[in-house]
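Structure record follows, encoded as structure tokens.
The first residue of the sequence shown is numbered 1, and numbering continues consecutively from there. The structure displayed is predicted, hence computed values, not measured ones.
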Amino acid sequence: MDTKHIAMTRYAFFAFQSLVFDHGKSCFDMELGRRKEDEEYTTSTSYFNWGTRRRLVSRKGSECVFRIFKQLAWFFKEEWKRYTLALGLLLLVGILDIIPPNLIGRAIDYFQMGQLTGTVFWTLIVILIVVTFVSYGFTYIWMSRLFGGAYVLERSLRKTFMKHLLKMDPPFYEKQRTGDLMARGTNDLKAISMTAGFGILTLVDSSIFMLTVLVAMCVLVDWKLTLAAILPLPIMAIFISILGKQIHARFTAAQDAFGKLNDRVLESVAGMRVIRAFRKERLDEQKFGDMSEDVYRKNLQVAKTDALFEPAVNILVGLSYVIGIGYGAFLVFQQQITLGQLVTFNIYLGMMIWPMFAIGELINILQRGSASLDRVNQTLAIKEDVADPIQPVVQPYPSKLDFSQVTFRYPSTKQAQLQDVSALAKAGETIGIVGRTGSGKTTFVKQLLKFYPQGDGHIYVGDVPIEEQTKEQVRTWIGYVPQEHILFSQSVEANIRVGKEEATSAELEKAIRTSAFQQDLAFLPDGLETMVGEKGVALSGGQKQRISIARALIADPEILILDDSLSAVDAKTEALIVGNIQEERKGKTTIITTHRMSAIEHADLILVLDEGKVIESGTHQELVQGNGWYKQQVDRQTLAPEGGALA
């Protein structure tokens with residue numbers, strides 16, 4: 001049993017509290033168990049800008065801790081029926097919980113005065129049983145609605161966060177750490193959802209329920225005794241305010257450290273082959289140990305601050321009991337209150353324990369949620385690097401690709417990766433792009449994908465400038481096979497169908513045949529149902545390339561981009577794939593970047609790039625007549641075995 005549970009149980013020594021199913025304590029224990037699971041991970045979150053209806057306000061963490069409720073106002077408006085019912089029943093249960101202590105006090109007074117007849121006794125018992133069962137039923141309803149709302153919020157936020165990640169462009173992921181994004185998209189969102197469940201409960205119980213009990217103590221017992229017993233409360237408020245600010249700062253630091261640790265684990269797992277190949281296991285283990293120690297120290301600081309809440313509450317609650325019992329006994333001897341009223345007062349004082357704990361829990365939860373809210377907002381506040389035009393132009397078919405004096409540099413560099421590049425390809429033509437490593441081949445093809453803000457010059461896809469078209473429209477026409485062949489931890493067939501999930505069996509077979517992958521299926525243990533492992537670890541480089549090519553071909557795109565996608569296959573397989581593409585893609589545009597001249601001999605236009613500039617252009621026949629870089633590479637590769645690439 002956890003220490004807070006022990007503290008609650010120690011003070012709840014009256015039998016009626018178990019009989020009436022004290023709602024505050026039960027929820028407190030339930031949420032503590034859930035929090036222990038949550039705190040094994042990072043938490044941090046932020047507010048979400050989902051348009052005018054969901055616009056949220058940004059403020060510093062040092063401001064009012066209740067700002068998180070304002071920032072989640074859009075959700076409470078959407079789920080107002082749920083929360084109206086839950087809060088209404090929660091308040092009603094709080095009022096019902098006032099009745100049993102009063103009944104017990106009356107029974108004691110009746111007994112002391114000799115007026116506790118059988119009729120009176122059974123009347124009190126019946127009322128107590130009815131109140132208990134009604135309270136139990138209402139508690140079940142408000143708990144399911146209130147905590148159910150927290151899960152609804154978490155689901156909604158997670159969908160929005162994932163939607164935001166999916167619409168972001170490569171520059172975003174070049175600046176963000178994968179592990180940190182995972183932490184923000186899982187446990188940080190859970191921290192926010194806690195405010196919509198347990199946070200609401202502690203808010204109500206630490207304010208309205210406490211006020212209800214105080215009113216009952218003043219009206220049904222004695223206002224002077226009540227005032228004396230609650231004297232320690234202002235001290236508690238000051239103490240909690242100080243600790244709340246510390247928790248916000250320390251919790252944010254702990255979550256940042258965990259995000260870095262999470263990212264380190266992902267990098268180590270993904271690069272395990274390289275780590276072992278260079279015998280860096282001990283060094284990686286040491287770095288992981290240092291980061292784990294840092295996370296431990298920062299979480300320990302959070303735990304130390306959090307641990308100060310309970311002793312403070314215990315001392316102040318104990319002080320309230322001493323005042324209540326001592327001064328109450330004095331009032332009994334002075335015959336200002338009865339013995340039954342004193343018993344009732346002490347039961348009410350016991351009921352005040354949970355609201356006092358709830359104050360600390362409320363500040364704790366809101367500060368954690370606020371810290372998480374700020375972190376996630378850093379991600380959601382980032383805008384798309386390439387925004388769609390306000391009034392996009394729609395065209396049914398890209399009749400041509402036209403690069404006109406295109407100059408481009410990546411946002412993180414000062415030197416241009418493309419300089420005054422021009423090229424024209426009509427539908428059905430093939431463009432080949434060659435050059436030394438780092439000459440700008442991949443940068444050239446990425447201009448069509450709208451991954452980065454457009455540079456100088458003009459790019460036409462069809463008869464419309466690319467900047468006047470939406471990303472979805474342009475990318476719908478393109479089948480892209482990148483240099484890094486990313487496969488998902490699914491079957492071979494599922495990876496191919498990523499290009500077109502609703503593809504028929506005939507389309508699937510055609511894509512496999514065109515990519516020359518059918519010859520490998522016989523060697524896979526389960527054929528198309530073979531699991532490729534994480535990132536295709538169970539396949540060779542050539543097999544991964546051909547699956548990626550089949551994935552692009554299955555959608556039969558108007559524009560096919562092969563970015564050095566034939567480097568891992570032999571010359572014979574390369575020739576087969578290129579021949580199949582020529583045969584199957586008549587009337588459609590193809591762009592091929594490669595280091596092998598044999599892969600683009602058939603191209604209608606070949607561009608030779610060097611440091612982002614076009615130093616040669618023409619057909620294969622035209623370029624081999626000269627004495628430039630292209631001719632030199634053709635001669636060297638003709639002499640190389642298997643047509644290997646020589647730079």
Side-chain angles (χ1 to χ4, degrees), residues 1-2 4-37 69 76 79-105 124-154 193-217 220 344 347-362 365:
M1 183 178 296
D2 54 76
K4 293 187 177 180
H5 191 165
I6 294 174
M8 292 294 297
T9 306
R10 184 170 63 232
Y11 290 110
F13 56 87
F14 292 102
F16 90 94
Q17 287 182 292
S18 298
L19 187 62
V20 298
F21 303 97
D22 179 37
H23 66 284
K25 178 178 176 298
S26 62
C27 296
F28 177 66
D29 295 335
M30 181 184 71
E31 195 63 29
L32 280 177
R34 192 178 120 180
R35 179 186 298 177
K36 286 189 175 182
E37 297 177 359
F69 291 122
F76 297 129
E79 297 289 330
W80 68 270
K81 293 182 180 179
R82 172 190 295 273
Y83 281 92
T84 299
L85 177 61
L87 294 179
L89 292 179
L90 177 58
L91 296 177
L92 182 58
V93 169
I95 296 175
L96 291 176
D97 286 350
I98 298 299
I99 298 177
N102 188 44
L103 295 178
I104 294 175
L124 296 176
I125 291 296
V126 170
I127 295 175
L128 185 62
I129 293 175
V130 170
V131 169
T132 298
F133 280 98
V134 171
S135 177
Y136 179 87
F138 287 168
T139 299
Y140 170 79
I141 296 174
W142 74 251
M143 285 185 66
S144 61
R145 302 301 293 175
L146 183 62
F147 290 103
Y151 290 116
V152 171
L153 174 62
E154 184 179 350
S193 70
M194 284 184 63
T195 63
F198 194 54
I200 295 292
L201 171 63
T202 54
L203 174 63
V204 173
D205 280 355
S206 63
S207 56
I208 300 178
F209 181 64
M210 177 183 287
L211 183 61
T212 302
V213 176
L214 288 175
V215 170
M217 294 168 71
L220 301 179
T344 297
I347 296 177
Y348 284 150
L349 199 57
M351 294 173 64
M352 288 284 290
I353 296 176
W354 159 242
M356 290 181 180
F357 272 111
I359 295 175
E361 287 300 306
L362 174 64
I365 290 172

#### Entry: Nearest non-hydrogen partners of Asp205 and Pro355, listed with the distance
O-CB, 3.3 Å

### Query
Sequence neighbours excluded, which residues qualify as side chain to side chain contact (heavy atoms under 4.5 Å, CB included) partners of Thr195?
Ile68, Leu72, Ile192, Ile365, Leu366

### Message
If you compare all heavy atoms of Ile127 against all heavy atoms of Leu103, which two are closest, and at what distance to 0.1 Å?
### Response
CG2-CD1, 3.6 Å

### Message
Is there a side-chain contact between Ile98 and Val213 in this structure, where contact means two heavy atoms from C-beta onward sitting under 4.5 Å apart?
### Response
yes

### Query
What are the two closest heavy atoms between Ser193 and Leu153, and how far apart are they?
CA-CD2, 3.8 Å

### Query
Who pairs with Leu203 by side chain to side chain contact (heavy atoms under 4.5 Å, CB included), at least two apart in sequence or on another chain?
Phe66, Phe69, Leu362

### Matching residue for Tyr83 among Phe147, Phe76, Trp142 - test: ring pair (Phe, Tyr, Trp, His ring centres under 6.0 Å)
Phe76

#### Entry: Set of ring-ring contact (aromatic ring centres under 6.0 Å, His included) partners for Phe138, sequence neighbours left out
none

Please tabulate, for side-chain N and O atoms in residues 85-95, each donor-acceptor pair with protein atoms closer than 3.5 Å (sequence neighbours left out).
none

### Task
Please tell me if the side chains of Asp97 and Tyr348 come closer than 4.5 Å, counting only heavy atoms from C-beta onward.
no

### Task
Check Thr132, Val131, Thr139 against Leu96 for a side-chain contact (heavy atoms from CB on, under 4.5 Å) and give me the one that passes.
Val131

### Message
Rounded to the nearest 0.5 Å, what separates atom CG in Leu201 from atom CE in Met143?
### Response
8.0 Å

### Message
Is there a side-chain contact between Met352 and Leu214 in this structure, where contact means two heavy atoms from C-beta onward sitting under 4.5 Å apart?
### Response
yes

### Query
If you round to the nearest 0.5 Å, how far is OH of Tyr136 from CD1 of Ile141?
11.5 Å

### Message
Keeping Arg82 on the side-chain end and Arg145 on the backbone end, is there a donor-acceptor pair under 3.5 Å?
### Response
yes

### Approximate separation, where rounding is to 0.5 Å, of Ile129 CD1 and Leu124 CG
11.5 Å

